[in-house]
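What follows is one structure encoded as structure tokens, with my remarks underneath.
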Amino acid sequence: MDPGEGGSPAAPSTSGAAPVTIAGAAAEIKEDAGKQVVVILIGPPGSGKSTFAEAVMAGAAAAGRPWARVCQDTIGKGKAGTKIQCLKAAADALKEGKSVLIDRCNLEREQRSDFVKLGCTVQADVHAVFLDLPAKVCISRSVSRTSHEGNVQGGMAAMVVNRMLKNKQAPLLTEGFSRITFCTDDDDIKKAVDMYSALGPSHSLASGVFGQKSKGPVQTGIMKFLKKADTSSINKSSGTMVTSSERKTGQQNTTLKQENLEAGGACSMQVEKKLDNLKEKEEQSKEKVSSDTSLCTLAFPSISTADFQFDLEKASEVIVDAATDFVQKHDNVRLVLVDLSQKSRILSLVKDKAAKKSFDSSRFFTFVGDITQLHSKGGLQCNVIANAANWRLKPGGGGVNAAIFNAAGEALQHATKECADTLRPGNSIAVPLPSTSPLHQQEGVTHVIHVLGPNMNPMRPDCLKSDYTKGCKVLREAYNSLFENFASIARSYPGKQNDETSSRKSASGVISPNDSKTKREGSDDSQRTKKYNSMGSSDAPNQAREEDNKKNGAVTNKTWGSWAQSLYEVAMHPEKYKNADSILEISDEFVVLKDLYPKAKRHVLVISRTDGLDSLADVKKVHLPLLRSLHSAGLKWAHKFLEEDASLTFRLGYHSVPSMRQLHLHVISQDFNSPSLKNKKHWNSFTSAFFLDSVDVMDEVDQHGSVTISPDERLLAMELRCHRCRSAHPNIPKLKTHIAACKSPFPSHFLKKDKLLSASTVRTGCS
DNA sequence: GTTCTAGAAC
DNA sequence: GTTCTAGAAC
């Protein structure tokens, strides 16, 4: 044993106290089949790793569990070796069925990641034991020792320890550990040694994070030890928001504020309160806000108050109500409202309103910082972050959405796409963030929950104008949905130590839906249900059908964009929209809908309700009666419109390659007098061969059993020609000026097959 | 499908 | 300078 580390009372306990309880957790040794364990020790020189390892080796060997200690300081024939040698030795020991103690500093995630991966190769549990003693203790021990295996001793030791501690990264479950034990003093170490020593071959340890406490004195300790006045360089490496009880003087309070600023501008309600009332509040606040990772934490931006222009005052009320309700009902969760600016008005409003409410303020507070860098820059560990998404769940657009998609990389885009295509206002969708995502690796974020709030901005879709009755309702729904999704995730969060689900953490550290096989309130099911709800009910049958198609070997030529689903949604669930002005008629076979962006004075869609009939390409002879029904409905509505305006002329037909999913017949007046007709594609889609007359379609299906589609994009890019006189025009405005005045008769081929419907044809019975 | 916008066209 | 389009973004 290294005499330099002998100061640590890490030997097996002689006190006779219960051996395996740490930080108040229940006894964690379980009788079961027992698994090999890879224990990765984490700590600077002088933290007592070797003492720990040797004590555990001896104790556990006595209990019957074979261990191998892999010590980088001695692996080279008694001298310091390489990481590769350690990896090989550890892998060999695991193959022999031994459990392994990795005895090297492992202070940075990258340094230990390869050892974490070793556990996967033999299905071993991977544990971290973080020997997080005060720096001055480590330095003191390593300076004074004389025969350290790695030669970290004497005058150089202080510098080495100091340098290492600057870069230390506390272990996270998301790195792949199934269990993390924090030891912040010798007593903790003793208990951890006892626990691992008592581990027999048919034992395993509970999963989760154990023994973590608030940090703080470490860095100050280094500075005191090194007698340096300038704290800035070290403060920058501090990951915690609230520090130690040493901060009792005014000067130290200033340091706290400075630290928070340097750590990414972090400033929480709780922290500010603490600064103001430090003497009164210190003990109760410091642990809760700083590093209480036993609470599953959701960081969320204010929804709808940026681009969607929702009133801040009203939004703050909704936030405070929803959040306080939530934290009062759930005991293992923490909510953090995040905004970038210290001057954020929404944060101020929420803080003010929250202050008037009675609840545990350590479980809902505000935080200034970048939501994509809360851990690395702000020292705030958040397992889950919310995204103020757009309805298409796509990256870009600026603000939080762009920042999160950017920080999370393509992994989030792919993961999102697997969960949902679109989102409705008032809903949210939880997306497990793949471990390949930088946001997962660097910030420890395991899930992103996309939320869509109400829109009050007339320049954005689904504007509620100034209807704040509905707006507040939808915003509340959005937060409720967000928090419910978060609760589902939190139920399987391993940090909740007495939670029966805590051991169900996957080895990769990612809580995937499949891992959450908890029986509590069926979180798995609720997650799935939520997934479909969030998309609108259309996607569940859509996915099922697509899968069926694949099974049946059906060829799906067209993939529909997320924006192309709305007609399908209306067709499948017209009752949901029956009060909307745009729905004109609902039958078993079809729905008649005013086109949201009419390209003429009158423009309606007759949408088939047959599931699986996306476009003309899917139409078979069996659908002929349906085509006739659609046509009849179109005629009926055209007649109705002609009664209202006898000057109109109608044409009924289909786009050969529609943009929107679900077979729909256009009934469109031939004036094309509409501000929504804006470009060449619009024009040509109704006036070129791209537009297939309903009568021709029915004839062709009748004669050939299907419609010949020759998708030709060039039809849409053709020059702009008047549909009456065929004159060419240089641009849309000039064309529109012309058609408003053109009185030429329609080309004769339209007239031959009753393709045009006007007051005169109705009167003469030609239609 | 719409919206946005850089840059072409005028 | 403004108008308009094409293509990217949504």
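Bear in mind the structure is a predicted one, so any value in this text is a computation, not a measurement. Residue numbers start from 1 in every chain, and the chains themselves are labelled A, B, ... in the order their sequence lines are given, proteins ahead of strands.
Here the nucleotide nearest the side chain of A/N731, chosen from C/dC10, B/dT2, C/dT5, is C/dT5. Comparing C/dT5, C/dC10, B/dT2 by their closest approach to the side chain of A/Y597 singles out B/dT2. Side chain of A/W563, nearest nucleotide from B/dT2, C/dT5, C/dC10: C/dC10. Taking only side-chain atoms of A/N390, from C-beta outward, the nucleotide of C/dT5, B/dT2, C/dC10 with the closest atom is C/dC10. Among C/dC4, C/dA6, B/dT2, the nucleotide with an atom closest to any side-chain atom of A/K680 is C/dA6.
Atom C1' of nucleotide C/dA8 and atom NZ of A/K681 are separated by 13 Å, given to the nearest angstrom. For A/D595 and B/dT2, the CG to P distance is 7 Å, given to the nearest whole Å. The distance from atom CG of A/L393 to atom P of C/dA9 is 18 Å, rounded to the nearest whole Å. Rounded to an integer number of Å, the gap from NZ of A/K734 to P of C/dT3 is 11 Å. If you measure from atom NZ of A/K394 to atom P of B/dT2, you get 16 Å, rounded to the nearest angstrom. Whole-Å rounding puts the A/W391 CH2 to B/dT3 C1' distance at 12 Å. Nucleotide C/dC4 holds its P atom 15 Å from the NE2 atom of A/H729, rounded to whole Å. Look at CD on A/E719: it is 14 Å from P on C/dT5, rounded to the nearest Å.
If you check every strand for non-hydrogen atoms under 4.0 Å, A/K599 touches sugar and phosphate atoms only. Nucleic acid contact for A/H664: none, since no nucleic acid atom lies under 4.0 Å from a heavy atom of the residue. Residue contacts shown for A/L596 are absent, as no nucleic acid heavy atom lies under 4.0 Å away.
Considering only side-chain N and O atoms, A/K678 lies nowhere under 4.0 angstrom from the phosphate OP1 or OP2 of C/dT5.
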| said: Could you go through A/L433 and A/T446, starting from their C-alpha distance and side-chain angles, then the distance that decides it, and tell me whether this counts as side chain to side chain contact (heavy atoms under 4.5 Å, CB included)? | reply: CA-CA 5 Å; A/L433 192 58; A/T446 63; 5.8 Å; no
| request: Take A/M698 and A/L624 through the side chain to side chain contact (heavy atoms under 4.5 Å, CB included) test and state the conclusion after the steps. | output: CA-CA 7 Å; A/M698 290 187 293; A/L624 191 55; 4.3 Å; yes
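The minimum heavy-atom distance between A/G471 and A/P454, with the atom names listed, is O-CG, 3.3 Å.
Partner of A/F650 under the side-chain contact (heavy atoms from CB on, under 4.5 Å) criterion, out of A/L642, A/T761, A/L635, A/L756: A/L642 alone.
With salt bridges taken as basic N to acidic carboxylate O contacts below 4.0 Å, none links A/E585 and A/K640.
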